[in-house]
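Worksheet for the structure shown next.
Whatever order the structure lists ligands and atoms in, that order sets their numbers, starting from 1. Residue numbers count from 1 along this sequence.
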Amino acid sequence: MVSSSNLGFPRMGENRELKKLVENYWQGKVEETQFQKELKEIRINHWKLQKEAGIEIIPSNDFSLYDQVLDHIHLFGAIPKRYTPVVESEIEDGSNGLRTYFAMGRGYQTSKAATQVSETNTQGAFASKVEKSIDVGSMEMKKWFDTNYHYIVPEFEDSQQFKLTNYGGYSEPKPIHEFLEAKSIDIETRPVVLGPISFLLLGKSSDSSKPYSSKFDSLVHLNALLGVYEELFKQFEKIGVKSVQIDEPVLCFDLFETELIKNAYTTAFNVIHKAAPNINILIATYFGEIRENIDLITSLPVNGIHIDTIRSSSSEVESVLTKIPTSWTISIGIIDGRNVWKNDLTKSLVTLKNIIAKTGSDRILLAPSCSLLHCPHSLTREIGRVESQVLDWLAFSLEKLKEISFLTYALNKCTFTTENTITFPEDTCSKIKEYYQLNKESNQKRRESKLIHNDIVKKRVTEITPSMLKRENPFPVRREAQRKRLTTLPALFPTTTIGSFPQTKEVRLARSNFKSKKITPEAYDQFIRDEIRKCIKVQEECELDVLVHGEFERTDMVEYFGEYLAGFVFTQNGWVQSYGSRCVKPPIIYGDVNRPVPMTLEYTTFAQTLTTKPMKGMLTGPVTILQWSFVRDDQPRSETCFQIGLAIRDEVTDLENKGIACIQIDEPAIREGLPLRLSDWNQYLKWAIDSFLLSSTGVKDSTQIHSHMCYSDFNDIFESIQRMDTDVLTIENSKSDLKLLKAFEKYGYTNEIGPGLYDIHSPRIPSVEDMKDRVEQMLKYLSTNLLWINPDCGLKTREPETTRLALINMVKVAKQFREIYANKE
Ligand code: GLN
Ligand code: ZN
């Protein structure tokens with residue numbers, strides 16, 4: 001018999017209950033016992049929902065108040081030293097460890113310390129209890145593999161110690177607590193634990209002046225770390241846990257250093273096995289193909305493996321299957337855990353029948369491809385909100401679990417003819433038959449729908465020529481034409497910002513009132529125009545050179561464009577966790593994309609009428625739009641990306657025709673789209689950069705194309721950055737070391753460039769001295785006449801007054817350098 005299972009359930013809740021609860025807790029609006037009570041209710045509800053959906057193997061310890069990696073950091077006692085004052089303050093007032101937990105996640109500042117900076121103290125929750133002045137930032141956050149979820153990066157000292165802890169108000173470690181909690185309502189769960197090798201490889205050295213030279217260096221801590229795994233698994237065994245899911249997603253990476261890695265895995269899993277010989281260990285891989293790592297996995301003392309078949313080719317699945325020991329359980333990730341499309345059950349049954357023909361059915365578990373953390377909760381609240389035809393093609397987490405239950409039922413109970421038609425047993429209830437029939441029809445309709453297919457768009461993509469992917473002339477020629485046109489620009493150190501200006505409460509309120517039709521479109525339009533006016537006034541007062549309109553009309557840089565483009569839908573409640581309590585609601589790209597009307601023309605041209613300085617048009621690039629959406633799975637992502645590229649190209653042309661001289665196409669997400677395996681990079685970079693070029697090169701020499709990127713770890717994709725051939729590239733830099741700038745020097749980058757001078761994520765006002773220092777550093781690597789002066793990223797999360805003061809200081813810096821260099825000549 002095949003069994004149904006799940007690897008992880010989204011934590012936020014149907015109505016983002018967890019987000020609201022945790023935020024109220026931070027603000028001191030809910031006290032401890034009530035907080036714990038409501039958390040328990042959310043967990044219990046989620047277990048029950050999974051059970052009702054027909055799932056037999058249900059996970060525990062997949063729940064988290066902030067992030068699962070942070071959970072493990074605290075569980076293993078790996079709290080970095082700088083949080084010691086917070087830990088001590090908790091010991092003093094007998095708190096339960098959550099103050100330290102959230103301090104690591106989001107920083108901590110007592111009110112005493114808060115008076116030293118300019119913006120309001122957001123850590124009000126515990127501040128009153130603590131007398132001391134504590135001011136400590138959050139730990140670093142990184143993207144979880146190639147998803148848009150951010151995890152907290154573990155930090156390790158030279159001889160890092162670990163110990164198993166009971167933080168969070170429990171009298172036992174969290175994984176034990178959650179298992180017992182589920183058991184108390186008669187649900188026997190399979191705890192999820194992040195594996196020791198992945199935990200270490202996701203971490204970094206706590207000493208930033210001595211970063212690890214290789215991503216494998218953190219394995220020196222393995223022996224110390226294994227003590228806590230040993231202890232935890234002993235406790236699991238003691239309370240009667242039957243099986244544990246150990247997540248080792250790094251097994252879908254290139255693990256080149258095979259001997260080192262092999263030894264590490266062998267040691268680790270031997271310790272775990274010895275600590276809990278009676279527990280079935282399922283080693284879970286996801287987000288990619290296992291490839292050569294299968295030999296390593298099969299040598300380990302575990303009892304089963306999870307394979308992501310959605311992200312693997314069928315030949316890869318076949319080859320992996322032949323190598324798995326016959327005694328092992330095989331968890332087949334058959335439902336896409338990271339996307340929102342209804343499964344084609346008929347197709348899945350064919351795949352699964354083929355697998356079972358080789359493996360037998362008793363060893364098989366059906367599962368989503370990965371944890372459902374990356375998929376919204378359920379479709380219940382979308383009914384009547386999303387266009388019903390599109391709604392019929394979707395499945396969120398709860399619907400996906402029902403698909404798994406159905407497939408399990410069908411494999412166990414039904415018979416199949418050679419043509420793969422399915423015969424249900426006599427006693428099958430009509431609902432199940434109908435469910436299958438409807439699934440077949442939905443998939444059929446989706447394949448054929450007129451809503452999806454636009455022949456004109458498809459044809460345009462086939463007609464893209466190489467000349468549409470490059471500017472007419474090389475950069476030096478363009479630069480001259482641009483400088484001639486942009487007469488108000490200073491010869492050296494021009495200043496600009498990245499696009500958005502502070503989105504105040506009033507701005508957000510106006511937008512939401514407009515959406516809920518509480519104010520008329522005219523009133524809203526007037527409001528936005530007034531904001532643009534004020535924003536331009538501020539920029540002129542600060543004496544910036546290239547101005548922006550401020551992006552007040554945009555809630556989100558992808559959503560805004562998606563709302564104009566054909567082929568996109570938006571959900572009412574399709575939230576997924578991004579980091580901590582932050583959720584995003586990615587648009588869904590269901591069909592061929594095109595641009596029925598201009599998207600930014602009105603406000604950009606209006607803004608230009610208000611100033612004699614150049615107004616920068618502000619667009620989001622095709623790769624970022626793709627990367628931050630749920631993308632259709634019925635054609636290659638590259639195809640969809642080119643379609644978006646064409647739409648942006650049209651917008652660029654329109655802006656140029658209206659006399660806009662500077663146009664910025666933001667691509668903050670290019671890097672995060674990189675495949676997990678190095679050997680797959682080139683193929684991705686080819687179409688990603690081509691799509692950007694398609695969007696950006698349809699202009700005259702004299703139009704200055706800007707682009708902006710965040711998370712600037714560019715060293716390994718430098719050629720691609722060069723190939724983008726933007727006239728001005730602004731990049732996030734204030735937090736990174738000089739490695740980045742060295743790369744620009746090393747590769748001889750010749751276009752104009754603006755590495756961010758100050759961190760916009762911090763509420764502090766950067767001083768003139770600090771920023772001068774940074775410019776001096778930059779000038780060691782970058783040529784004077786290519787350097788722009790700008791912040792790190794958009795200013796939308798900051799306060800207006802802080803922003804104004806920061807920009808005044810920034811322009812002062814530019815002017816001082818202009819003077820220095822004018823005198824030098
Ligand atoms: N233009 C955008 C802004 O300023 C860029 C945001 C980003 O890089 N993520 O908000
Ligand atoms: Zn940015």
Can we say Lys204 and Glu140 salt-bridge, meaning some charged N sits less than 4.0 Å from an Asp/Glu carboxylate O?
yes
Run the numbers for me: atoms of ligand 1, each under 4.0 Å from some heavy atom of Gly499, listed by number.
4 (O)
Trp26 ring center within less than 6.0 Å of Phe102 ring center:
yes
Check ligand 1 against Gly794 and write out every atom of the ligand that is under 4.0 Å from a heavy-atom position of the residue.
3 (C), 4 (O), 10 (O)
Taking the Zn ion (ligand 2) as the apex, Cys793 SG and Cys710 SG span an angle, rounded to 10°, of 120°
Can any side-chain N or O of Ser500 pair as donor or acceptor with the backbone N or O of Lys796 at less than 3.5 Å?
yes
Top protein contact for atom 10 (O) of ligand 1, by heavy-atom distance
Ser500 OG, 2.8 Å
Between Leu619, Thr620, Asp666, flag the one that comes closest to atom 1 (N) of ligand 1 by a heavy atom.
Asp666
Considering only heavy atoms of Glu551, which atoms of ligand 1 have at least one such atom less than 4.0 Å away?
1 (N), 2 (C), 3 (C), 4 (O), 10 (O)
Is the ring centre of Tyr151 less than 6.0 Å from the ring centre of Tyr579?
no
Would you mind listing which atoms of ligand 1 come within a distance below 4.0 Å of any non-hydrogen atom of Cys710?
7 (C), 8 (O), 9 (N)
In ligand 1, the atoms that come under 4.0 Å of a heavy atom of Met557 are 6 (C), 7 (C), 9 (N)
For Phe287 and His374, I'd like to know if the aromatic rings sit close, meaning centre-to-centre distance below 6.0 Å.
yes
Give a yes/no verdict on a cation-pi contact between Arg106 and Tyr66, requiring under 6.0 Å between NZ or CZ and the six-membered ring centre and an angle within 45° of the axis.
no
Checking contacts here: is it the side chain or the backbone of Cys793 that comes within 4.0 Å of ligand 1, counting heavy atoms only? Could be both or neither.
side chain
